[in-house]
Amino acid sequence: MDPSVSEGDLEPSRPESCLDQPMDSSSVHEVVHEVVHSDSSALPAKHHDPDTTEPISCGLQTLEELLSWKRSDANLFNVAAVPLAPRDPPLATSARRTLVSHDMMGGYLDDRFTQGTHSDAPYAFYHWQYIDIFNYFTHNMVTIPPVVWTNAAHTHGVVVLGTFITEWTDGAVVCEAFLKDEESYRAVADRLVQISHCYGFDGWLINIENSLSEAAVKNTPLFLQYLTEQMHERAPGSLVLWYDSVLEKGELKWQNELNESNRVFFGACDGFFTNYNWTEQSLEWMTGYSGLDGRQADVYVGVDVFARGKVVGGMWETNKALEIIRKHNFSVALFAPGWVYETLSDKTQFRKNQDKFWALLSDFLSIHRPASPLPFVSSFCQGFGKAIYRRGQLEASRSWFNLSAQEVQPLYNNTQLEGGGVAEQPHAKIFSLDVLLAPKTLVALIYKSSPGIRMSLELKTTDPSQCTHMNVHDVKVPPVSAAGLGDGLESVSQFFQLCGNLSAGGWTIGCSQLELRGCALREVSVSIQRDTEAQETPISCRVGEILLMDGASLQTPPQLVQGLCIYDVVWLRGAGTSTSPCLHLNATMHWDYPTEFVRHFRVYWRRLRGPDPRIPPGQLALMGRAYSNLYRVTELEVPEAPGLLELVVEPVIRKGFPLPESHWGRRSLSYTEAKTK
């Protein structure tokens, strides 16, 4: 992501509808027009589910749609809230990279719902430490990655690419139109750059799967070069890759290698994604090919996990393909690793199959470390589940899916606990990181274990003053102390009140303080210690969350939610708790709050007044969680008009303690029936 673009610039700009609402007023008024059935015609149809008005992600279908795109047409719900995290080592210095091209059942499935959805058996990806680039692939002409994927990938320092594809006869017509001259191909490239910058993803895979005329193929490298230059200018670190398809003469003929017939496209962009029917002999030939120009890492050898056609490996033998590719020091492009989900009928075994698949590949994949600043916090959430919990308490018993909820993932390496004898404390490495620690770093470990079991963290750091020697040493974590942290501050007091307490459900919160200078955290392991007399007894240990933060940050007062507005209101009538059709509110909420300080927002509503004044105001009821400064209220059953309700936003901050309600955002909405003529 362009370092000149602040994190706030990645957030949706304040909607024009909000500018019409005075911020010094705490209430918005709406007139309810009778609606018998679903009708979201007031909203852009392609950005909202037609039945529920839920915001959804989508691509572009035609050249006309692409050329007419403008920022005011953007789907604000699909704008990434998470900037691309730095990583160690940087992608540019990685010699053997791994790209995943996610092609599944036409795309835009459960992942199209930007606020998540209910799904009993969704597909998800969480082995981010193994991959460098994520490409969302569909057969739409312009595939814009769903925001849930961009947020999850960026959290782990993984670059996200959309796809621009032309195919068959229609594709040839499109190419002849936009590659006919400089003005035309620059117009397409400019729109692609604008779209990626607007939505916050990091580049494009260009896939021309149709033959080109002499004039069109002559302009193709110029199009690629211009697109690549503009992407780099707008977003340093972005990538434009070319798929092995068309030859320099315009013929559609997959080569399965980089050679003289296609190197002109490779030279005009950041990388080359080969077709899948290569042989080891072709890889051997490529290693000595002068056209590589020292860019061996920029050649991504394609592997179709479905093993379609005459290919090496694939399916449960995909590791055989990777072994050969790595032997010749090329990068790899894994196409459709969702095979483990699509073809295996028992979806309840998805996690098991997913872990098995990536474990088979792990010997040929390099691990990169997220290099984000403090605070570091993770509950290991994978972005889907069978229930929703908060602070160890069951909040909702229902299946859910939202990859934006995914937090930094642990290492999935299937290693056994080290140690474990009577004189040893077994431990397991769970994170590989690059996080600069503060002079006073607070550490919290939330865990649940069998009786007689104690758990603690083991941290390994690299001292920058000795980096030339790469000295890595264990940090002994002393007991926690509030000394020097500004004991009188409310936030400091709140943090230490959490420490050592046993929460409901048997969870223990252990806190520690580190006093170090100039140290970067490299590894986090969990150590387990149990009573000597219980050595042969089976045990259970669960880690719920790990938090590290700068103790000095507790002296900074938390911010307030500001500028909460309500717009794009749609009233519907539908089934509810009563026998007659009920009134349903659908509306968009927008507020101002720095998202880098929060894990998510909790969004509530309550009834303040209804048509019957004898009924007292209701209690706050949770509607859902938001992972940006936007939330779409959908199908909320409300009292008949006239009525008054309140919408509330609570930031769940990364420091771990709850904010007082005085810091939440609130806005009331009054509504009356439309007058009949």
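Residues: numbered from 1 along the sequence shown.
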Do [X] and [Y] have their ring centres less than 6.0 Å from each other?
X: His102; Y: Tyr123; value: yes
X: Phe223; Y: Phe178; value: yes
X: Phe134; Y: Trp128; value: yes
X: Tyr412; Y: Phe380; value: no

I'd like to know if the side chain of [X] and the backbone of [Y] have a donor-acceptor N/O pair within less than 3.5 Å.
X: Asn151; Y: Ala80; answer: no
X: Asp103; Y: Ala336; answer: no
X: Asn219; Y: Tyr185; answer: no
X: Ser238; Y: Gly203; answer: no
X: Ser94; Y: Pro90; answer: yes
X: Asn353; Y: Phe350; answer: no
X: Trp168; Y: Asn210; answer: no
X: Glu176; Y: Gly171; answer: no
X: His156; Y: Gln409; answer: yes
X: Arg326; Y: Phe364; answer: yes

Take Glu323 and Lys320 through the test salt bridge (Lys or Arg N to Asp or Glu O under 4.0 Å) and record every step on the way to the result.
CA-CA 5 Å; Glu323 182 178 11; Lys320 294 182 178 180; over 6 Å; no
Under the 6.0 Å and 45° cation-pi test, does Arg263 pair with Phe266?
no
Should the pair Lys310 and Trp278 be classed as cation-pi, given the thresholds of under 6.0 Å to the six-membered ring centre and 45° from the axis?
no
Any salt bridge (Lys or Arg N to Asp or Glu O under 4.0 Å) involving [range]? Give me the pairs, sequence neighbours left out, ordered by first then second residue.
range: residues 278-290; value: Glu280-Lys327
range: residues 144-163; value: none
range: residues 242-259; value: none
range: residues 141-154; value: none

From [X] atom [atom1] to [Y] atom [atom2], the distance as rounded to the nearest 0.5 Å:
X: His328; Y: Thr287; atom1: NE2; atom2: OG1; value: 7.0 Å
X: Leu436; Y: Cys519; atom1: CG; atom2: SG; value: 8.5 Å
X: Ser184; Y: Leu63; atom1: OG; atom2: CG; value: 9.0 Å
X: Lys70; Y: Cys198; atom1: NZ; atom2: SG; value: 12.5 Å
X: Tyr289; Y: Gln296; atom1: OH; atom2: CD; value: 13.5 Å
X: Met315; Y: Trp339; atom1: CE; atom2: CH2; value: 6.5 Å

Could you list the residues that satisfy side chain to side chain contact (heavy atoms under 4.5 Å, CB included) with Arg599, not counting sequence neighbours?
Val377, Ser379, Glu407, Glu545, Arg654
Can you list the residues that meet the side chain to side chain contact (heavy atoms under 4.5 Å, CB included) rule with Arg351, with sequence neighbours excluded?
Tyr126, Gln382, Phe384
Report the residues that fulfil ring pair (Phe, Tyr, Trp, His ring centres under 6.0 Å) with Phe137, sequence neighbours left out, ordered by chain and then residue number.
His139, Phe335
In chain order, what residues pass the ring pair (Phe, Tyr, Trp, His ring centres under 6.0 Å) check against Tyr199, with sequence neighbours excluded?
none
Between Tyr300 and Tyr243, is a ring-ring contact (aromatic ring centres under 6.0 Å, His included) present by the stated rule, with each step listed?
CA-CA 9 Å; Tyr300 300 81; Tyr243 179 69; over 10 Å; no
Taking atom types as modelled, find out whether [X] and [Y] have a side-chain donor-acceptor pair closer than 3.5 angstrom.
X: Asp110; Y: Thr117; value: no
X: Asp202; Y: His154; value: yes
X: Trp149; Y: Asp111; value: yes

The criterion is salt bridge (charged side-chain N to carboxylate O under 4.0 Å, His left out); which residues satisfy it with [X], sequence neighbours excluded?
X: Arg369; answer: Asp88
X: Arg295; answer: Asp298
X: Glu209; answer: none
X: Lys180; answer: none

If we check side chain to side chain donor-acceptor pair (under 3.5 Å) with Thr143, which of these qualifies: Thr138, Thr163, Asn207?
Thr138
Between the side chains of Glu65 and Lys46, is the shortest nitrogen-to-carboxylate-oxygen separation below 4.0 Å, so that they form an ion pair?
yes
